[in-house]
Amino acid sequence: MVKLSKKKKIKKKRKGKKVSIIGTGHVGLVTGACLAELGNRVICVDNNEEKIASLNRGEIPIYEPGLEELVKRNIRAGRLSFTTNIKEGVNNSEIIFIAVNTPPKPDGEADLCFIEAVSREVAQTMKGYKIIVEKSTVPVETGKWISRTVKLNNKKSINFDIVSNPEFLREGSAVYDTMHPDRIVLGVGSKKAERIMRELYQPLDAPIIVTDIESAEIIKHASNSFLAMKISYINSIANICEKAGADIKKVAEGIPCDKRIGRDFLNAGVGFGGACLPKDLQAFVGITQRLGYDFELLKVVEKINRQQRELLVSKVRDVVWNIKDKTIGILGLAFKPNTDDMRNAPSIEIIQMLQKEEAKIKAYDPVAIPVARGILKEVTYCKDSYDTANGCDALVILTEWEEFKRLDLKKIKRLMKAPIIVDGRNIFEPEKMKRLGFIYKSIGRST
Ligand code: UGA
């Protein structure tokens, strides 16, 4: 259960705001539930009737620790409701968050047609002053476009403000991240909007950074690109460590003692995936290109990330020789632990590369198998890690789920055809694996 500190509980007694959230995806739903928990009256709007019906019953369509109880508690308390009727949301709130998805177009640019449609509907519906908040990750200058669209469609010239309030939550710890943010970024165009948004977030007691709207929009893309860059950087260092006989885990402990660098996002592996980092990186490269800047550094970040997937497959080849007809067991399918999200998961590309070389694939993930079934075909999905290891020529670890770290490795070894583990997330110690009699390959550690 995600608990509020005593201080936050006291502050909860303040008069809540009336808020609506349009779009009940990961960001919209978590934001809505958390704002309700802080004492605001929140209406979540989505045009998917089935989704809204199940949310009203307290059923959560995504796997996100702590979210279900938060939603149920706030529905019971009368602070959170769900509707398909955008008018109901707009007319009963002062602050309207746009949290609809912005899927990538074939060229990587974000498709903003849902944002435009919502802006138009809000403008046609609103009867009094509203703050319209960009919550979805959008390219810089989207705020200007929303403002223009609202002005064009709001015939009575009702006053409104646009705020850019980018989200920094991570899947798998989204509720915690929202309740304990490192910072809240508010890109505002008026003092009134700044005051109301500060009041909304006051119970969180987090640092608030106030900027113009364009700067706030760039902060989001620049932050995610920086995180992606850190991962590709450490993966490059890992490759050097391997060649030089060094150990990336020790190197990654030594660099971040310098607090200007920090320890997070220095875990080498098969590269980043998910719905955000790869998409935002690609979109940011496109945005900067349009603005007249060739962001070569970020292009290389993307390239290194692709190469990490290929590197993993070449490591499998190094230990099994011919991949053709070998049975390869995959442990971990989700793009990271504590989620069933498979979007841009490294497992997809890696399994497809192995299948191209005619490997037989067995796979297990604690929660992502139902989602994986829709994406990866001709895979034997297994009930657990031991079932996966049974009869395998090699085991490949692609997600660092806690349960994999606690495996009975002696049992795994007995079940496998050959004792080979290729660890794409560095969850085991090479020395220990050697003692147990495994041929063990990991990332950035010489074996
Ligand atoms: C990311 C950002 O971390 C959030 O701050 C941001 O709000 C979010 O995108 C978003 O834009 O909505 P998320 O996609 O949930 O969050 O996942 P991360 O925890 O950032 O992990 C991304 C990928 O990087 C995963 O595949 C993970 O395995 C990989 N990773 C992470 C590494 O390979 N090494 C690391 O050291 C850390």
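Start at 1 and go down the list; that is how both ligands and their atoms are numbered. What you see is a predicted model; the values in this text were computed from it and never measured. Atom set for the values below is all heavy atoms of this structure, side chains included, hydrogens, waters and symmetry mates excluded.
Of all heavy-atom pairs between T399 and A334, the closest is OG1-O, 2.8 Å.
Of all protein heavy atoms, the one closest to atom 2 (C) of ligand 1 is N224 OD1, 3.7 Å. For atom 6 (C) of ligand 1, the closest non-hydrogen atom on the protein side is L169 O, 3.3 Å. With respect to atom 19 (O) of ligand 1, the closest heavy atom belonging to the protein is K336 NZ, 2.9 Å. In terms of protein heavy atoms, atom 36 (O) of ligand 1 is closest to N267 N, 2.8 Å. Scanning all protein heavy atoms for the shortest distance to atom 5 (O) of ligand 1 gives F168 O, 2.8 Å.
Evaluation of the side-chain hydrogen bond (donor to acceptor under 3.5 Å, both in side chains) rule for E357 yields R317 as partners, not counting sequence neighbours. R148 pairs by the salt bridge (charged side-chain N to carboxylate O under 4.0 Å, His left out) definition with nothing, not counting sequence neighbours.
At a heavy-atom cutoff of 4.0 Å, ligand 1 is contacted by the side chain of L227 but not by its backbone. Counting heavy atoms closer than 4.0 Å to ligand 1, residue V27 contributes nothing at all.
Of all the atoms in ligand 1, the ones that sit under 4.0 Å from a non-hydrogen atom of E171 are 15 (O).
Counting non-hydrogen atoms of neighbouring residues, nucleotides and ligands closer than 6.0 angstrom, the NZ atom of K18 reaches no more than 12 such neighbours.
Of the listed residues (K220, R425, K279), the one carrying the non-hydrogen atom nearest atom 33 (O) of ligand 1 is R425.
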